[in-house]
Amino acid sequence: MTVLRYHRPTTLDEACRLLTDGGPRARLIAGGTAVGILLKEGLLDVDHLVSLDALGLDGVMEERGALRLGATATLEAVRCHPAVGARLPILAEVLGQVASRRIRNVATVGGNLAWAEAASDPPGVLVALGAEATVRSGRGERRVSVRELFQDYFTTTLASDEVLTSVRVPVPERAGIVYIKFTPQSVADKPVLGVTALVRPGEGARCAEARVVVGAAGPTPLSLPDVDAKLCGEPLDGGAATWVAERYAEAARPVSDSRGSEGYKRRMIQVLVRRALRQAWARAEGTR
Ligand SMILES: Cc1cc2nc3c(=O)[nH]c(=O)nc-3n(C[C@H](O)[C@H](O)[C@H](O)COP(=O)(O)OP(=O)(O)OC[C@H]3O[C@@H](n4cnc5c(N)ncnc54)[C@H](O)[C@@H]3O)c2cc1C
């Protein structure tokens with residue numbers, strides 16, 4: 001029988017060394033809400049678990065124009081942090097919709113992103129805000145946009161010896177931002193679809209910038225900057241918003257499952273993208 005060794009390094013260098021030495025037989029663990037299930041179900045075949053909880057990566061720091069979230073900050077700690085409430089209330093709103101408080105009390109920011117589950121709430125808003133992850137390994141430090149972190153279902157561009165250490169989230173100025181989590185059953189469910197819209201008002205009743213991200217409708221969060229650009233200089237109650245919503249519904253790759261057919265989900269994407277844009281516009285109007 002394999003003996004699973006649990007390591008609790010107190011420095012990042014030590015954590016990186018343990019990952020390098022363990023190679024594919026070592027796995028990071030943060031809150032353990034995903035890793036715990038894999039272990040219990042016998043789906044994780046490793047010799048070493050490397051815990052991140054003694055590294056002091058759990059802070060939320062204010063920076064110029066941004067907030068930096070430590071990778072091991074729990075979703076609930078971020079949600080309740082005064083700086084998040086004051087400067088990025090949309091993040092608190094989104095995190096408040098993840099699972100239950102019991103899960104949020106242990107699930108971490110870094111674990112949520114590294115797990116790369118398609119049906120996840122936080123990635124959409126982080127992509128829309130242009131968040132950037134900092135990653136460390138024995139080879140040094142690198143930065144990667146959260147958008148580029150996701151590669152496929154449960155697959156990121158992180159190498160097995162890399163530790164995501166923090167996420168820098170820009171605070172948008174004069175913009176309205178909305179997240180709509182679509183779950184026909186319990187609100188504590190994972191999203192069937194999750195639509196984020198960010199809108200910056202321009203001259204008159206026209207839009208200066210828009211960003212849409214559709215989550216849970218394919219392997220990775222879907223954003224189409226060229227399509228979003230068509231909203232620039234346009235009113236959000238006109239045909240441009242309908243056109244944008246149709247492009248997202250076409251480009252998405254939802255799968256039929258017990259929570260809805262592919263066709264139903266595509267139709268809902270159209271509805272929800274338009275709704276999110278409208279609601280984001282209403283919020284943006286309040287920032288004028
Ligand atoms: C009952 C239940 C309900 C849920 N509902 C929702 C929901 O409604 N919405 C939603 O969005 N999510 C939901 N989730 C998913 C939950 O958000 C994730 O399981 C959680 O965020 C993972 O974080 P963790 O810290 O527990 O990660 P862990 O389980 O510790 O790790 C997950 C993966 O990430 C890797 N990892 C962890 N930290 C790092 C790091 N810093 N750097 C590199 N790799 C790392 C681990 O090696 C592992 O592969 C739910 C989960 C459960 C169990």
Side-chain angles (χ1 to χ4, degrees), residues 4 6-9 12 15-16 18-19 22 24-41 43-46 48-59 69-79 91 93-127 133-137 141-142 144 146 149-151 153-167 179 181-194 196 213 215-216 221 259:
L4 186 62
Y6 180 81
H7 306 265
R8 197 164 176 263
L12 253 178
C16 291
L18 285 163
L19 288 178
R25 305 297 302 166
R27 183 80 169 247
L28 286 173
I29 179 164
T33 59
V35 169
I37 292 173
L38 294 181
L39 283 172
K40 205 169 157 195
E41 299 296 327
L43 297 170
L44 188 61
D45 180 24
V46 292
H48 304 274
L49 281 182
V50 180
S51 166
L52 293 172
D53 77 343
L55 298 183
L57 296 176
D58 57 350
L69 315 177
T72 60
T74 66
L75 302 185
E76 186 67 2
V78 174
R79 183 181 84 83
L91 188 58
E93 245 179 62
V94 172
L95 295 180
Q97 297 179 62
V98 174
S100 59
R101 184 168 296 153
R102 200 166 157 206
I103 295 289
R104 295 195 300 266
N105 271 334
V106 282
T108 64
V109 170
N112 181 274
L113 294 176
W115 183 233
E117 184 168 6
S120 183
D121 296 296
V125 72
L126 295 177
V127 170
T134 299
V135 176
R136 262 284 295 275
S137 71
E141 189 172 275
R142 71 180 176 101
V144 57
V146 169
L149 200 59
F150 301 109
Q151 207 168 39
Y153 290 106
F154 298 105
T155 310
T156 65
T157 53
L158 294 174
S160 62
D161 64 345
E162 286 186 315
V163 182
L164 193 161
T165 55
S166 68
V167 181
Y179 174 68
K181 174 170 182 166
F182 180 61
T183 51
Q185 291 140 8
S186 154
V187 283
D189 274 357
K190 292 178 183 173
V192 172
L193 293 169
T196 308
V213 184
R259 303 200 296 170

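Atoms within a ligand are numbered from 1 in the order they appear, just like the ligands themselves.
- Closest to atom 37 (C) of ligand 1 among all protein heavy atoms lies G111 CA, 3.5 Å.
- By the 3.5 Å distance cut-off applied to N or O atoms, G32 is counted among the residues near ligand 1.
- Here's the thing with I103: none of its N/O atoms is less than 3.5 angstrom from an N/O atom of ligand 1.
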May I have the step-by-step check of salt bridge (Lys or Arg N to Asp or Glu O under 4.0 Å) for D189 and K181, ending in yes or no?
CA-CA 10 Å; D189 274 357; K181 174 170 182 166; over 6 Å; no

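- Among all protein heavy atoms, the one lying closest to atom 42 (N) of ligand 1 is L164 N, 2.9 Å.
- Proximity to D189 (heavy-atom distance under 4.0 Å) selects the following atoms of ligand 1: 8 (O).
- Of the possible polar contacts, one joining the E162 side chain to the A159 backbone as a donor-acceptor pair under 3.5 Å is found.
- Under a 4.0 Å criterion applied to the non-hydrogen atoms of I29, ligand 1 contributes the atoms 30 (O).
- Nearest to atom 48 (C) of ligand 1 among the protein's heavy atoms is V35 CG2, 3.6 Å.
- When V167, L52, T72 are checked for heavy-atom proximity to atom 39 (C) of ligand 1, L52 turns out nearest.
- A donor-acceptor pair is defined here as one N or O able to donate and one able to accept, closer than 3.5 Å; such a pair exists between the side chain of R259 and the backbone of P191.
- The main-chain N or O of L57 is found under 3.5 Å from a side-chain atom of T72 such that the two form a donor-acceptor pair.
- Of the protein's non-hydrogen atoms, V98 CG1, 3.8 Å is the one closest to atom 12 (N) of ligand 1.
- The distance from ligand 1 to the heavy atoms of P122 drops below 4.0 Å at these ligand atoms: 11 (O).
- From the protein, the heavy atom lying nearest to atom 3 (C) of ligand 1 is A99 CB, 3.7 Å.
- With R8 contributing its side chain and V50 its backbone, the two residues share no donor-acceptor pair below 3.5 Å.
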Given side-chain contact (heavy atoms from CB on, under 4.5 Å), test S166 with L69 step by step and report yes or no.
CA-CA 5 Å; S166 68; L69 315 177; over 6 Å; no

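- Of all atoms in ligand 1, listed by their number and element, those nearer than 4.0 Å to a heavy atom of V163 are 42 (N).
- An N or O contact shorter than 3.5 Å links A34 to ligand 1 by distance.
- Under a 3.5 Å cut-off, the side chain of T165 and the backbone N or O of T134 do form a donor-acceptor pair.
- Test L52, L49, L18 against L28 for side-chain contact (heavy atoms from CB on, under 4.5 Å) and you get one pass: L52.
- Residue R104 does not touch ligand 1, judged by heavy-atom distances below 4.0 Å.
- Between E117 and ligand 1, not a single N/O pair is under 3.5 Å apart.
- Salt bridge D121/K190: absent, no basic N to carboxylate O contact under 4.0 Å.
- Using a 4.0 Å cut-off to heavy atoms of R27, the atoms of ligand 1 that qualify are 47 (O), 48 (C), 49 (O).
- Distances below 4.0 Å separate heavy atoms of G31 from the following atoms of ligand 1: 24 (P), 25 (O), 26 (O), 30 (O).
- The nearest heavy-atom contact from the protein to atom 35 (C) of ligand 1 is A114 CB, 3.7 Å.
- The closest protein non-hydrogen atom to atom 22 (C) of ligand 1 is T33 OG1, 3.3 Å.
- Side chain of R79 to backbone of R104: no donor-acceptor contact under 3.5 angstrom is found.
- Looking at atom 17 (O) of ligand 1, its nearest protein heavy atom turns out to be N112 ND2, 3.2 Å.
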Could you walk me through whether E76 and R101 pass the side-chain contact (heavy atoms from CB on, under 4.5 Å) check?
CA-CA 7 Å; E76 186 67 2; R101 184 168 296 153; 3.1 Å; yes

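- Just one of T155, T157, L113 meets the side-chain contact (heavy atoms from CB on, under 4.5 Å) condition when paired with F150; it is L113.
- The closest heavy-atom contact to atom 30 (O) of ligand 1, among the options A30, A118, G194, comes from A30.
- Distance alone, capped at 3.5 Å, places no donor-acceptor pair between the R142 side chain and the R136 backbone.
- Every atom of ligand 1 with a heavy atom of E162 under 4.0 Å away is listed here by number and element: 43 (C).
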Start with the C-alpha gap between T74 and V106, add the side-chain angles, then the distance that decides, and say whether side-chain contact (heavy atoms from CB on, under 4.5 Å) holds.
CA-CA 6 Å; T74 66; V106 282; 5.6 Å; no

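- Among the atoms of A119, none of the N or O lies under 3.5 angstrom from an N or O of ligand 1.
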